[in-house]
2 protein chains.
Amino acid sequence: MLPYEHIGYIGAMTNSPNDVTPYRLCKADALPPSDQHAQQYAAVRNAHETELLEDYVELIADLLKHQGEARSTDIAARMGVSQATVSKTVTRLKSLGLVSSKPYRSLFLTEKGEAMAAMSHQRHAIVLKFLRALGVSDHTARIDAEGMEHHVSQETLDIMQRFSREQERGGS
Amino acid sequence: MLPYEHIGYIGAMTNSPNDVTPYRLCKADALPPSDQHAQQYAAVRNAHETELLEDYVELIADLLKHQGEARSTDIAARMGVSQATVSKTVTRLKSLGLVSSKPYRSLFLTEKGEAMAAMSHQRHAIVLKFLRALGVSDHTARIDAEGMEHHVSQETLDIMQRFSREQERGGS
DNA sequence: CTAATATTTTAGCCAAGGTTAACTTATTAG
DNA sequence: CTAATAAGTTAACCTTGGCTAAAATATTAG
Ligand SMILES: [Mn+2]
Ligand SMILES: [Mn+2]
Ligand SMILES: [Mn+2]
Ligand SMILES: [Mn+2]
């Protein structure tokens, strides 16, 4: 399958009345049709809604696994925010049925929370491994993966995984 | 340079008193040191602050280039939000010195706005091209790029660009 | 020129995610 | 056991980025 099959939108419909744009001028970087463009931004807004929740449950799962318990003071330190912020977000996580806890006590994940944590963790790992396989330094890969992970579709994840696997074999 | 040099954090310092985690159990996916971990999240929060601004100036530049003017009604349609939302965000862009306009008239970019738009556009283009070169479908690549672009460091961008270039030559 | 329509702005609302400061509860030292 | 310290919560505040409904301005049709 060849890349660059759909470059630009030469034949795309445009409903603006003053569409006198000469065909030749905007070759490869014309605007996508309005509705598709809107879909792109909507997908990003969508990702933003769950981003923080995913990071929290992932971190809580990691702390439970590696430290035995997930205290909100650790979360605050690891996230680099105040404890008050953690407290409020945890309240939200509880109201969403992702986390359970008694006041002043350690945190736990619900079934739903564990499911989300597992998926987030796997996705995070795939992206991180891919970036390292690409040749990105560990430090940078970790930073980029933390943000990118929330904006990578399943299709791209599959391709990233395949790439890492091939790299692993054929890697010099 | 071999990948997977720094896997995990076996030798990392941990200051938690109840650190009885057996060495063998958490091999490849131990938690990074607290301060580095916090840096990751801080970088993401940082990106979130400019994300929308970047998308706006980029879109405004695109509209100016392809349609001759940037009306807030077009922005609203392309972003998939209400005109009121656009109006408010444009007020913010103006207060940040990125956009200029007279009331009820079309929008323009300041020098600063154009600079930001140029950088954002280039970064966006690199990410999109990279995803297509990887083999991701055009539709998915556009969606993923719209979100990923804001979380990709210069180091990774350089590597993506090199990858796309090599793909272009050796591509079957 | 006037009336209808389209565009832009404003006002009032909301949720998320951050802050500091003050308070409450747990844990630890003596 | 009590006092000091650590951890967690709550209250009050802020900015961002959404929304709807209403008002103001521009543009277009007749
Ligand atoms: Mn993650
Ligand atoms: Mn993340
Ligand atoms: Mn962009
Ligand atoms: Mn974007």
Side-chain angles (χ1 to χ4, degrees), chain A residues 15-18 34 38 41-57 59-60 63 67-96 98-108 146-147 150, chain B residues 15-18 34 38 41-57 59-60 63 67-96 98-108 146-147 150:
Chain A
N15 39 15
S16 127
N18 51 357
S34 230
Y41 293 119
V44 175
R45 283 195 299 271
N46 224 46
H48 282 159
E49 274 179 24
T50 46
E51 218 168 308
L52 195 68
L53 307 176
E54 289 163 359
D55 284 342
Y56 265 80
V57 294
L59 179 53
I60 290 170
L63 288 171
Q67 243 109 56
E69 61 178 354
R71 311 302 307 244
S72 71
T73 194
D74 293 342
I75 297 176
R78 282 217 133 71
M79 301 269 286
V81 298
S82 73
Q83 288 194 175
T85 296
V86 172
S87 194
K88 217 163 47 155
T89 305
V90 165
T91 299
R92 192 167 157 241
L93 288 165
K94 282 163 77 169
S95 86
L96 290 170
L98 294 162
V99 162
S100 73
S101 81
K102 312 231 162 192
Y104 295 93
R105 285 276 121 89
S106 178
L107 307 177
F108 298 96
E146 191 61 74
H150 311 281
Chain B
N15 38 16
S16 127
N18 51 357
S34 233
Y41 294 118
V44 174
R45 284 195 300 272
N46 224 45
H48 281 159
E49 274 179 24
T50 47
E51 217 168 307
L52 195 69
L53 308 176
E54 288 163 0
D55 284 341
Y56 264 80
V57 296
L59 179 52
I60 290 169
L63 288 171
Q67 244 109 53
E69 60 178 355
R71 310 303 305 248
S72 71
T73 195
D74 293 342
I75 297 176
R78 282 217 132 70
M79 301 268 286
V81 298
S82 73
Q83 291 193 181
T85 296
V86 172
S87 195
K88 217 164 46 157
T89 306
V90 165
T91 299
R92 191 166 159 242
L93 287 164
K94 282 162 80 169
S95 87
L96 291 170
L98 295 163
V99 162
S100 74
S101 81
K102 312 233 161 187
Y104 293 93
R105 285 275 121 91
S106 178
L107 307 177
F108 298 95
E146 191 62 72
H150 310 281

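Every chain is numbered from 1 and lettered A, B, ... according to where its sequence line falls, protein lines coming before strand lines. What's counted below: heavy atoms across the whole structure, side chains too, no hydrogens, waters or symmetry copies.
Rounding to the nearest 0.5 Å places NE2 of A/His150 at 8.5 Å from CG of A/Leu52. A distance of 13.0 Å separates CG in B/Leu93 from NZ in B/Lys88, rounded to the nearest 0.5 Å.
The phosphate of D/dG8 has OP1 or OP2 within less than 4.0 Å of a side-chain N or O from A/Ser72.
Between B/Leu59 and B/Asp74 there is no side-chain heavy-atom pair separated by less than 4.5 Å. Between A/Leu98 and A/Lys94, the closest side-chain pair of non-hydrogen atoms is not below 4.5 Å. Counting heavy atoms from C-beta on, the side chains of A/Met79 and A/Tyr56 come closer than 4.5 Å.
Map A/Arg105 and B/Leu107 each onto its nearest nucleotide of DNA chain C; the residue landing nearer the 5' end is B/Leu107. With DNA chain D read from its 5' end, the first of the two nearest nucleotides for A/Ser106 and A/Arg45 is the one closest to A/Ser106.
In this structure, the side chain of A/Ser87 does not engage the main chain of A/Ala84 through any donor-acceptor pair within 3.5 Å. No donor-acceptor pair closer than 3.5 Å links the side chain of B/Arg78 to the backbone N or O of A/Tyr41. At least one donor-acceptor pair closer than 3.5 Å links the side chain of A/Thr89 to the backbone N or O of A/Thr85.
Separating the CG atom of A/Leu52 from the C1' atom of C/dA16 is a distance of 9 Å, rounded to the nearest angstrom. Between A/Ile75 atom CD1 and C/dG17 atom C1' there is a gap of 15 Å when expressed in whole angstrom units. Here the C1' atom of nucleotide D/dT9 and the CZ atom of A/Arg92 are 19 Å apart, to the nearest Å. Rounded to whole angstrom, the span from the NZ atom of B/Lys94 across to the P atom of C/dT9 amounts to 7 Å. Per the geometry, OH belonging to A/Tyr104 stands 4 Å off C1' belonging to C/dT24, to the nearest Å. The interatomic distance linking A/Asn46 (CG) with C/dA16 (P) rounds to 14 Å, in whole Å. Between the P atom of C/dA15 and the CG atom of A/Leu96 lies a distance of 13 Å, rounded to the nearest Å. When rounded to the nearest whole Å, the span between CZ of A/Arg71 and P of C/dT28 equals 9 Å.
Across all their heavy atoms, B/Ala77 and A/Ser34 have their closest contact at CB-OG, 4.0 Å.
You'll find that the side chain of A/Ala84 is closest to C/dT19, out of C/dT19, C/dG18, C/dA26. Among C/dG17, D/dG18, D/dG8, the nucleotide with an atom closest to any side-chain atom of B/Lys88 is D/dG18.
Scanning residues 76-83 of chain B for heavy-atom distances under 4.0 Å to DNA chain C yields B/Gln83.
Counting any heavy atom pair closer than 4.0 Å across all strands shown, A/Thr85 reaches a base atom. A/Ser87 comes within 4.0 angstrom of a nucleotide base, judged by non-hydrogen atoms across all strands.
Only one option out of A/Leu107, A/Ile60, A/Thr91 pairs with A/Ser101 in a side-chain contact (heavy atoms from CB on, under 4.5 Å); it is A/Leu107.
Each end of the helix from C/dC1-D/dG30 to C/dG30-D/dC1 yields a helix axis from five base pairs, and these two axes differ in direction by 10° (to the nearest 10 degrees).
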